[in-house]
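Everything numeric in this text was worked out from a predicted model, so none of it was measured. In the text below, chain A, chain B and the rest are named by the order of the sequence lines, each starting its count at 1.
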There are 2 protein chains.
Amino acid sequence: MSANSRLTVAAHALTWIGLYQRRGHEVATSEQIATSVNTNPVVIRRLLAELRKAGLVESQRGAGAGWRLTRDLASLTLLDVYRAIEPGPVFALHRAVPDPECVVGQGIGPALSAVYDGVEAALRRELAGTTLEDVLRDVLKAA
Amino acid sequence: MSANSRLTVAAHALTWIGLYQRRGHEVATSEQIATSVNTNPVVIRRLLAELRKAGLVESQRGAGAGWRLTRDLASLTLLDVYRAIEPGPVFALHRAVPDPECVVGQGIGPALSAVYDGVEAALRRELAGTTLEDVLRDVLKAA
DNA sequence: CTTTGACGTAACCATTTTTGTTACATTTGA
DNA sequence: TCAAATGTAACAAAAATGGTTACGTCAAAG
């Protein structure tokens, strides 16, 4: 599995913006977020651009500009974030079409697809059960 | 997400061997399996070697040799297969350690880890709910 | 005991994904 | 006009996956 950290970084960025806004600031810059995440500001801007396409954040340009949440942390679940940044499924079928002459080659795709759909649904149910407000609460509690 | 097909190919191979044995054959060759999967025999041998390490199959060498299941299809779940071939978790934490001076940077890791553990558990529960016997039944039913 | 068939595995290569980085155009507030 | 920030292209590095070739090793069959 790829084991990518995109969901982690996206959740981190949104949580950071949320806390920053809660402390009275209007917008957060990609530079500030990148410092907390410990990465490059462009990585943050690229990720936030995908979240903006999904309507989770909005951005301003120009001096004194930055990023702002469009919804409260409590209304944002990890599933919302996942949906915004993860296009493909966890498991893929064959790269090349299996032998159609073979019973297994012909029927294995649909059979596994049904299982994979269930897995995907379970994964989404789990992610939907946690809001970024939950995450922030855990973060502040640990401090 | 990587969207890899390793689980698909592994399940395909095991199902094929199971059906082949059920039809009275002793062992299946990587060449035969590769034909059904539509890939290279080396890809099959590499994957089955991992399944052998997990005790799911055994192999013979020499002329007339090949692969054989060590258990019945009904006792093999997709979770067994997944465990044998997938080392890492679905979601990863940060690649570089986040800023420890920042509350979010310091607490987001543990907070997300708890969620990811739940996701992983849900995924495994789903995979554990389907045996290769179930898969073969679906395959034969569709034919 | 030689031949043959099959696994075991190393060594490449191509492709894709992810991440980091630099660079620069664009926008906007002061 | 200047400074600050996003928007985005371009490139590189690294890792995972999959395909291919090549060759060593083993064991059954004759």
K.L.:
Let's go through A:L47 and A:L51 carefully: what are the C-alpha distance in whole Å and the side-chain angles of both, what is the deciding distance for side chain to side chain contact (heavy atoms under 4.5 Å, CB included) to 0.1 Å, and is it a yes or a no?
P.N.:
CA-CA 7 Å; A:L47 250 184; A:L51 298 178; 5.6 Å; no
K.L.:
In whole Å, I'd like the distance from the CD atom of B:E26 to the C1' atom of C:dC7.
P.N.:
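For the pair B:E26 CD and C:dC7 C1', the rounded distance is 17 Å.
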K.L.:
Please compare A:Q60 and B:N40 by the position of their nearest nucleotide in DNA chain D and report the one closer to 5'.
P.N.:
A:Q60
K.L.:
Just so I know, are the side chains of A:I33 and A:L48 near enough to count as touching, which here means a heavy-atom distance under 4.5 Å?
P.N.:
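Heavy-atom side-chain distance check passes, below 4.5 Å.
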K.L.:
Is the shortest side-chain N/O distance from A:S59 to OP1 or OP2 of D:dT6 below 4.0 Å?
P.N.:
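For A:S59, the contact criterion (side-chain N or O under 4.0 Å from OP1 or OP2 of D:dT6) is not met.
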K.L.:
Taking all atoms of both residues into account, what is the closest heavy-atom pair of A:A34 and A:N40, and its distance?
P.N.:
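Shortest heavy-atom contact: CB-C, 3.9 Å.
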K.L.:
May I have the distance from A:L51 (atom CG) to D:dG7 (atom C1'), rounded to whole angstrom?
P.N.:
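Interatomic distance, CG of A:L51 to C1' of D:dG7: 15 Å.
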K.L.:
Let me know which of B:L136, B:I17, B:T131 forms a side chain to side chain contact (heavy atoms under 4.5 Å, CB included) with B:L73.
P.N.:
B:L136
K.L.:
Could you check how far CG of B:L47 sits from P of C:dT9, rounded to whole Å?
P.N.:
14 Å
K.L.:
Distance only, no hydrogens: is a donor on one side chain within 3.5 Å (strictly under) of an acceptor on the other, for A:R95 and B:S5?
P.N.:
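No, because no side-chain N or O of A:R95 sits under 3.5 Å from a partner of the opposite role on B:S5.
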K.L.:
Are side-chain heavy atoms of A:L127 and B:F91 found at a separation under 4.5 Å?
P.N.:
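Yes; the side chains approach each other to less than 4.5 Å.
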K.L.:
Check A:S36 against A:H12 and note the closest heavy-atom contact, atom names and distance.
P.N.:
OG-NE2, 2.8 Å
K.L.:
Are A:S30 and D:dT6 close enough that a side-chain N or O sits under 4.0 Å from OP1 or OP2?
P.N.:
yes
K.L.:
I need the minimum non-hydrogen distance between B:W16 and B:A28, along with the two atoms involved.
P.N.:
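Nearest pair, atom of B:W16 first, then B:A28: CZ3-CB, 3.6 Å.
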K.L.:
Can you check nucleotides 9-14 of chain D for protein contacts, nitrogen or oxygen pairs under 3.5 Å, and list what you find?
P.N.:
unit_1 : atom_1 : unit_2 : atom_2 : d
D:dA10 : N6     : A:R46  : NH1    : 3.3

K.L.:
Tell me whether B:R124 is salt-bridged to B:E86, with the criterion being a basic N under 4.0 Å from an acidic carboxylate O.
P.N.:
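Salt bridge: no.
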K.L.:
To the nearest Å, how far apart are B:N38 CG and D:dG18 C1'?
P.N.:
13 Å
K.L.:
Rounded to whole Å, please give me the gap between CZ in B:R45 and P in D:dT17.
P.N.:
20 Å
K.L.:
Would you sketch DNA chain C in dot-bracket for me? Only Watson-Crick or G-U wobble pairs with both distances under 3.5 Å count, crossing pairs as [ ], other-strand pairs as |, the rest as dots.
P.N.:
||||||||||||||||||||||||||||||
K.L.:
Tell me the closest heavy-atom pair linking A:T70 and A:L56, and the distance in Å.
P.N.:
OG1-O, 3.0 Å
K.L.:
To the nearest angstrom, how far is B:L48 atom CG from C:dA6 atom C1'?
P.N.:
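In whole Å, C:dA6 C1' and B:L48 CG are 13 Å from each other.
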K.L.:
In terms of the nearest nucleotide of DNA chain D, which residue is placed more toward the 5' end: A:G66 or A:A96?
P.N.:
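It is A:G66, whose closest nucleotide lies nearer the 5' terminus.
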K.L.:
Quick one: closest heavy-atom pair of B:L7 and B:V81, and the distance?
P.N.:
CD1-CG1, 3.7 Å
K.L.:
Heavy-atom distance under 4.5 Å between the side chains of B:L69 and B:Q21, does that happen here?
P.N.:
yes
K.L.:
How close or far is atom C1' of C:dT19 from atom CD of A:E50, stated in whole angstroms?
P.N.:
13 Å
K.L.:
With a cut-off of less than 4.0 Å, is there a side-chain N or O of A:S5 near OP1 or OP2 of C:dT18?
P.N.:
no
K.L.:
Over how many whole Å does the gap from B:R68 atom CZ to C:dA6 atom C1' extend?
P.N.:
14 Å
K.L.:
For A:V9 and B:T29, take the nucleotide of DNA chain C holding the closest heavy atom to each; which residue's nucleotide lies nearer the 5' end?
P.N.:
B:T29
K.L.:
Enumerate the protein-to-nucleotides 25-30 of chain D contacts in which both atoms are nitrogen or oxygen and the separation is below 3.5 Å.
P.N.:
unit_1 : atom_1 : unit_2 : atom_2 : d
D:dT25 : O2     : B:R61  : NH2    : 3.0
D:dC26 : O2     : B:G62  : N      : 3.4

